[in-house]
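Only a predicted model underlies this, so the values are computations on that prediction, with no experimental measurement involved. Chain A is the first sequence line, chain B the second, and so forth, proteins listed ahead of strands; every chain is numbered from 1.
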2 protein chains.
Amino acid sequence: MSVKRITSIDVARYAGVSPSAVSRTYTAQHKVSAATRQKVLAAADALGYHPNALARALVNSGRQGSGTVAVVMSEFDNPFQPYLFSLLTQALQQAGYIPMLINVTADCDIHTSLLQAQAWQVEAAIISAGSLSQAATERCLELQLPMVLMGREDRQKKVTAVLSDNRYAGRLAADYLADAGLTRLAFISGRQDGQASQERQQGFCARLQERALPAPLVILNQDYAYQSGYRAMQRIIRHAPHAEGVFCACDALAFGALDAQRLEDHRRRPVIGCDDTPMANWQGYRLTTVRQPVEQLVKQVLINLKQVLSGCAGAAATVRIQPELVVR
Amino acid sequence: MSVKRITSIDVARYAGVSPSAVSRTYTAQHKVSAATRQKVLAAADALGYHPNALARALVNSGRQGSGTVAVVMSEFDNPFQPYLFSLLTQALQQAGYIPMLINVTADCDIHTSLLQAQAWQVEAAIISAGSLSQAATERCLELQLPMVLMGREDRQKKVTAVLSDNRYAGRLAADYLADAGLTRLAFISGRQDGQASQERQQGFCARLQERALPAPLVILNQDYAYQSGYRAMQRIIRHAPHAEGVFCACDALAFGALDAQRLEDHRRRPVIGCDDTPMANWQGYRLTTVRQPVEQLVKQVLINLKQVLSGCAGAAATVRIQPELVVR
DNA sequence: TTGAAAGCGATACCAC
DNA sequence: GTGGTATCGCTTTCAA
């Protein structure tokens, strides 16, 4: 039935060396003479041997780490998430990790899933579920599993987090619209309890206030979805048609808002997004937006990951990445 | 430094039973008396014990299977992929598997990545890299790793595959356009060597021929991207403005084509997509498209996965799922 | 039903 | 540098 598996012992025997020698040829940091190395590799090749990562991880679970990382994500329907996810997993793979995916829909899942991941001795978890309740975060903290948060931080700052400077993003948007001479502005929120949405709103409002401009009309939503952006713009068209410019908490909302305006209004107000998803550059949208520098975010996540794993002291800090305005 | 890990032995000692008893309480198929079960669970709870999946998998690698599955994906920039991916991983999680992700950009990566996954003793690999060369597929076959292909099959039909009936999809599109009385049609391809694109084209052309309609103008592309759809439509506008209807190999292409038409032409030809990504239902597009029933695809993949794992005989079959036209 | 003991496959520590 | 060997945490025969 099941094929006999080739073990390091088989290779050792075949090559006429000890199992230790085989092990050493496959662990970078160890020293083997070129001669034995050759013999081992030849034998391995002849037998079709590949080291068993499970066994390896079992032995040095505790010391070296298993080589796996849990990646917790949600909201794949928002175009920003897959974009981020793709880059993140590629970076992890390149760094030699193999990502175990935890796709979360409801808040309640995440704790269970992390338990499962932890059972697999993942070295750490990278949590990018933007809309993760504080309660859920707390429970994850109890897990004693090294974590890096992405796109959110925990209130008590007990966990490393990497996120963009959302307030600054809001300010950029405010400046852009204000510089264009617009004064009656609106903000379309994402999830009300979402950190990103809240901070972007704060930055936007604060900057307008600094410039002595009227506070924007704020339209609240329950999510970051296209449809919410669409409906929000409908409300603006109907109840605040005088609005001269709109800042949206994310690109997906902005796409909805743009379409609502195009299809249901003759007026053309500038709509500013936030994220700079690849879609923002589609000719059909050409959305002016505030870019989250995803490559940098990912790079920083990997840096923080290493810090957390090395038990570095100042690891529990939040790193903010500067966004930049992309005018289209 | 590292926290002392709680092992089954600790629990056994604490509960006053043997390690075997602990093991048995945690493996469904085994029998334990209610009394000992209670003691074990109480002890586990008191100590905060969770079985080590690594060790468990190591022991019964070979017999029971590890509980992990490799998921190979690519092209996260095409909105269909994340959509599929999200549902697939959720289904896997629900079935008790934990997906190890392999995000592939180039063809060459995949073999290496699968080797890595295999080292982790994944039970099987689900390969949804639509644009995977035949050569790469062959090399994967040599791996002796149980596989399920998604969205493509291998020519020699040695591997189970689940994909939608793309030819039928093409026929649906042809009928829809022909029923509308249109005769001068065009087809915008995706990756020329992509199976989905080829089959959709074949079905489309075949059906037109059956109905004695002229063969469509075919515009070839190197990928399934929005930009390619946009450029393709530009070419139609410039060189074949008389075209009355367009069928695109996927939704993303159709979005590009629609936008090109909207922005650069006064004419309005029906544009038909293929996939039915969530975006197709956006008010900005309201794309009539041929739906790939993703839920069914995923369900079938899990069925085939079980078959492959049980070493079932007829497992090497291709299952085709019927797509359906969604008129918007 | 239960416990004792033999592995699963690889690594690290210890002598040589 | 190299080879023996205990060990990682769990499961599973085999007797009792």
Side-chain angles (χ1 to χ4, degrees), chain A residues 2-40 43-44 47-68 116 118-123, chain B residues 2-40 43-44 47-68 116 118-123:
Chain A
S2 64
V3 193
K4 160 75 177 128
R5 252 204 266 293
I6 312 292
T7 78
S8 63
I9 302 202
D10 299 323
V11 177
R13 211 168 3 228
Y14 188 100
V17 297
S18 75
S20 325
V22 179
S23 172
R24 285 193 267 260
T25 34
Y26 282 96
T27 43
Q29 69 270 29
H30 282 178
K31 303 219 162 291
V32 211
S33 73
T36 41
R37 161 178 233 91
Q38 288 309 325
K39 279 194 284 186
V40 169
L47 268 45
Y49 166 77
H50 295 284
N52 184 330
L54 241 39
R56 173 179 287 181
L58 176 59
V59 170
N60 42 17
S61 70
R63 15 172 169 272
Q64 292 204 16
S66 57
T68 51
Q116 197 186 0
Q118 199 173 25
W120 279 97
Q121 313 298 112
V122 298
E123 295 188 37
Chain B
S2 63
V3 193
K4 162 75 176 125
R5 253 205 267 292
I6 311 292
T7 77
S8 61
I9 303 203
D10 299 324
V11 177
R13 213 169 0 228
Y14 189 99
V17 296
S18 76
S20 327
V22 179
S23 171
R24 285 193 265 260
T25 34
Y26 282 96
T27 42
Q29 70 270 28
H30 282 178
K31 304 218 161 291
V32 210
S33 72
T36 43
R37 161 179 233 91
Q38 288 309 325
K39 280 194 285 185
V40 169
L47 268 44
Y49 167 75
H50 296 283
N52 184 330
L54 240 40
R56 171 179 288 183
L58 176 59
V59 170
N60 43 16
S61 68
R63 16 172 168 272
Q64 292 203 14
S66 57
T68 52
Q116 197 185 0
Q118 199 173 26
W120 279 97
Q121 313 299 112
V122 297
E123 294 188 38

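No side-chain donor-acceptor contact under 3.5 Å links B/S20 and B/S23.
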Letter by letter from the 5' end, nucleotides 2-8 of chain C scores (B base, S sugar-phosphate only, - none; protein heavy atoms under 4.0 Å) BBBB-BB
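Counting to the nearest Å, the P atom of C/dT1 and the NE2 atom of B/H30 are 13 Å from each other. Between A/Y26 atom OH and C/dA12 atom P there is a gap of 16 Å when expressed in whole angstrom units.
In terms of heavy atoms, A/R37 sits closest to A/T25 at CA-CG2, 3.4 Å. Minimum interatomic distance between B/V22 and B/S8 (heavy atoms only, all atoms of both residues): CG2-O, 3.7 Å. Residues B/L54 and A/L58 approach most closely at CD2-N, 4.0 Å, considering heavy atoms.
Contact of the B/R56 side chain with the B/N52 side chain is not registered, since no non-hydrogen atoms from C-beta on lie closer than 4.5 Å. Counting only heavy atoms from C-beta outward, the side chains of A/Y26 and A/V40 approach each other to under 4.5 Å.
Side-chain atoms of A/Q121 never come within 3.5 Å of backbone atoms of A/S66 as a donor-acceptor pair (strictly under, hydrogens ignored). Using a distance-only test at 3.5 Å, with no hydrogens or angles considered, no donor-acceptor pair links the side chain of B/T27 to the main chain of B/H30.
Note that the first and last nucleotides of DNA chain D, 5' to 3', having any atom under 4.0 angstrom from a heavy atom of chain B are D/dG9 to D/dT12.
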